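Note that the coordinates shown come from a computational prediction; the quantities given were computed from them, not determined experimentally. Excluded from the calculations below are hydrogen atoms, water molecules and symmetry mates; all remaining heavy atoms, backbone and side chain alike, are included.
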Amino acid sequence: MKSPKSLTYGWRQHSVRFASALCLAWEWYGVPSCWQRGFDAATANWSASLLWLGLAAGCVVVPKWSDTVKSRKVPIIACTIVQAAALALLLYLPNLGVIVAMLLCFAFGAGNAAHMLAFSTAADTVAPNRIGTSAAIVNGIMFIVGGIMISRPGVRIGFGLEAGIEPKTLELAQYAAWPLMLAIVVALAIAFVMRETYPRNVAR
């Protein structure tokens, strides 16, 4: 059995990534921020849907990739970088077109599929009779962190308006998204220091 630190790093890393995805898809970027880009309601809703479609597509690819390269860490790092780049471009790329925005939403969702490896990482680090319990703990922590973070962009929008930032502007969206960018950066840092947990005695 691997060190408990591996499990601790794993749930922390995946929790902040999953929480960021919840913020984007349910509460924040998919609809309000797209409006601030000047997109209509239908486009904004499609963008939110593509976050989930990307996640579904990524879930088909990422676990298989992890088994092919015999690594949890490599796919996690790569997917977190994809998420960070997609979010940064969504927020800071000037004159973002509708198609590009949708593709970036899809890419962010696909990158978020690596959070499913949290369950694999947990299973790698505990005894077989505790795999179900470890999955339940990881899942619960993800939703606790998600529940906390999902309110942050909205709270910061209020702070931004009080500070004099114009409503319905990209500047306000960038201000509100600061916790999300921070979460992704923290997730990436954790991914680099977490230990590899893939079982070395499993045949390819």
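No chain of hydrophobic side-chain contacts below 4.5 Å, direct or via other Ile, Leu, Val, Met, Phe, Trp or Tyr residues, connects Trp52 to Val60. Ile77 is not connected to Val185 by any chain of hydrophobic side-chain contacts under 4.5 Å among Ile, Leu, Val, Met, Phe, Trp and Tyr, and they are in different clusters.
To the nearest 0.5 Å, the span separating CZ on Phe108 from CG on Leu55 amounts to 10.5 Å. Between the CG atom in Asn112 and the CD1 atom in Ile184 there is a gap of 7.5 Å [rounded to 0.5 Å]. Between atom CZ of residue Arg156 and atom CD of residue Glu162 there is a gap of 12.5 Å, rounded to the nearest 0.5 Å. Put simply, CG on Leu90 and CG on Leu104 are 4.5 Å apart, with the number rounded to the nearest 0.5 Å. Atom CD1 of Ile76 and atom OG of Ser120 lie 8.5 Å apart (nearest 0.5 Å). Summarising the geometry, atom CG belonging to Asn139 is positioned 11.0 Å from atom CD1 belonging to Ile137; distances are rounded to the nearest 0.5 Å.
Nearest heavy atoms, Leu96 versus Ala101: CD2-CB, 3.7 Å. Heavy atoms only, all atoms of each residue included: Val62 and Leu117 are closest at CG1-CD1, 3.8 Å. For Ala173 against Leu91, the heavy-atom pair with the smallest separation is O-CD2, 4.1 Å. Scanning both residues, Ile131 and Ala123, for their nearest heavy atoms gives CG2-CB, 3.9 Å. Closest approach of Trp65 and Ala78 over heavy atoms only: CH2-CB, 3.5 Å. The minimum heavy-atom distance linking Gly111 with Cys79 is given by the pair O-CB, 3.1 Å.
Shown here are the side-chain contact (heavy atoms from CB on, under 4.5 Å) partners of Ser71, two or more places apart in sequence or in another chain: Val69, Lys73, Val74, Pro75, Glu196. In this structure, Ser49 has no side-chain hydrogen bond (donor to acceptor under 3.5 Å, both in side chains) partners at least two apart in sequence or on a different chain. Annotation: side-chain contact (heavy atoms from CB on, under 4.5 Å) contacts of Val155 (sequence neighbours excluded): Arg152, Phe159. Here Val61 pairs with nothing under the side-chain contact (heavy atoms from CB on, under 4.5 Å) rule; sequence neighbours left out. In this structure Ser66 satisfies the side-chain hydrogen bond (donor to acceptor under 3.5 Å, both in side chains) test together with Arg72, sequence neighbours excluded.
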Using residues 141-150 as the side-chain source, report each donor-acceptor pair under 3.5 Å to any protein atom, sequence neighbours left out, with the distance given to one decimal.
none

_Check against side chain to side chain contact (heavy atoms under 4.5 Å, CB included), Lys70 and Arg200_ = CA-CA 8 Å; Lys70 289 188 173 182; Arg200 292 303 176 185; 4.0 Å; yes

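Looking at Leu170 and Tyr92, their side chains never come closer than 4.5 Å, going by heavy atoms from C-beta outward. A 4.5 Å side-chain heavy-atom check between Leu188 and Phe192 finds at least one atom pair inside the cut-off.
Hydrophobic cluster membership of Leu103, counting Ile, Leu, Val, Met, Phe, Trp and Tyr whose side-chain heavy atoms lie under 4.5 Å apart directly or via other members: Ile99.
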